[in-house]
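First the structure, in the form of structure tokens, and then the observations on it.
All values derive from a computational prediction rather than experimental measurement. All residue numbers in this chain count up from 1 along the given sequence.
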Amino acid sequence: MTTVLRHPASTHWFFLVAPIVVAADVFVALSSRGEIDRLIEAGLLFDLAVLLPCLYWICYRSGGKKVAIRALALCCLGIWVAQMLVPEGEHDLMGYVAPLRYVGIAALVWIELLVIVALYRFIFKGGDTPSAVARIQTQADLPPWVAKLLVLEAMFWRRVWQAVKKLFSRE
């Protein structure tokens, strides 16, 4: 059985293309200060909020839902960066697109809350630390040390809850 070693540039080409797109957008935005019309604003929005998330999704599409969530986060970040690049007095399209950023952020926060609630339910039902760490790490795609900290916090709150229940059950 032969294993083919692939060059990191062929599997992670997004990180080669994205800086070029961002640098071009920053150059266009800074070189046309005071003269940004709707066409340039639309181009910045398209590049940062549509093109980059789509390129990210194409590059890592085998990652499933996690990649789609990250692409949504990139879209929100792209809208914010476009708002920063276009001077406030020249916002024509930004007023229409800015609320989408908040909707995207709300969706991301909701997903994170679901993951945290699932972790707390697992811990409060008597789950052990190693399996909880593995579970939260795979669900949220977190580094191991962050997953361990989240589980330790959940275990702390479970102990606090048990102590409070014990305190009030003695009456």
Side chain of [X], backbone of [Y]: donor and acceptor closer than 3.5 Å?
| X | Y | result |
| --- | --- | --- |
| Arg158 | Ile123 | yes |
| Glu41 | Met94 | yes |
| Glu90 | Asp37 | no |

Cluster check [X], [Y]: I/L/V/M/F/W/Y, side chain < 4.5 angstrom:
| X | Y | value |
| --- | --- | --- |
| Val26 | Val17 | yes |
| Val50 | Leu72 | no |
| Ile111 | Phe122 | no |
| Val21 | Met84 | yes |
| Trp80 | Val22 | yes |

(message) Going by side chain to side chain donor-acceptor pair (under 3.5 Å), name the residues that satisfy it together with Ser131, two or more places apart in sequence or in a different chain.
(response) Asp128
How long is the gap from [atom1] on [X] to [atom2] on [Y], to the nearest 0.5 Å?
| X | Y | atom1 | atom2 | result |
| --- | --- | --- | --- | --- |
| Asp25 | Ile20 | CG | CD1 | 12.0 Å |
| Ser31 | Ile40 | OG | CD1 | 7.5 Å |
| Phe46 | Cys54 | CZ | SG | 7.0 Å |
| Leu150 | Ile116 | CG | CD1 | 4.5 Å |

Is any side-chain heavy atom of [X] closer than 4.5 Å to a side-chain heavy atom of [Y]?
| X | Y | value |
| --- | --- | --- |
| Gln83 | Glu88 | no |
| Tyr120 | Glu153 | yes |
| Leu48 | Leu77 | no |

Which heavy atom in [X] sits nearest to a heavy atom in [Y], and how many Å separate them?
| X | Y | answer |
| --- | --- | --- |
| Ala98 | Ile79 | CA-CG2, 4.3 Å |
| Ala71 | Pro53 | O-CB, 3.4 Å |
| Leu93 | Ala42 | CD1-CB, 3.6 Å |
| Leu74 | Leu52 | CD1-O, 4.4 Å |
| Ile105 | Cys76 | N-SG, 3.7 Å |
| Asp47 | Leu51 | O-CB, 3.4 Å |

(message) My understanding is that only residues two or more places apart in sequence, or in another chain, count here; which of them pass ring pair (Phe, Tyr, Trp, His ring centres under 6.0 Å) with Tyr56?
(response) Phe14, Tyr60
(message) Going by side-chain contact (heavy atoms from CB on, under 4.5 Å), name the residues that satisfy it together with Ile58, two or more places apart in sequence or in a different chain.
(response) Trp13, Arg61
(request) Go through the steps for Leu152 and Phe156 under the test side chain to side chain contact (heavy atoms under 4.5 Å, CB included), then give the verdict. (result) CA-CA 6 Å; Leu152 288 174; Phe156 168 75; over 6 Å; no
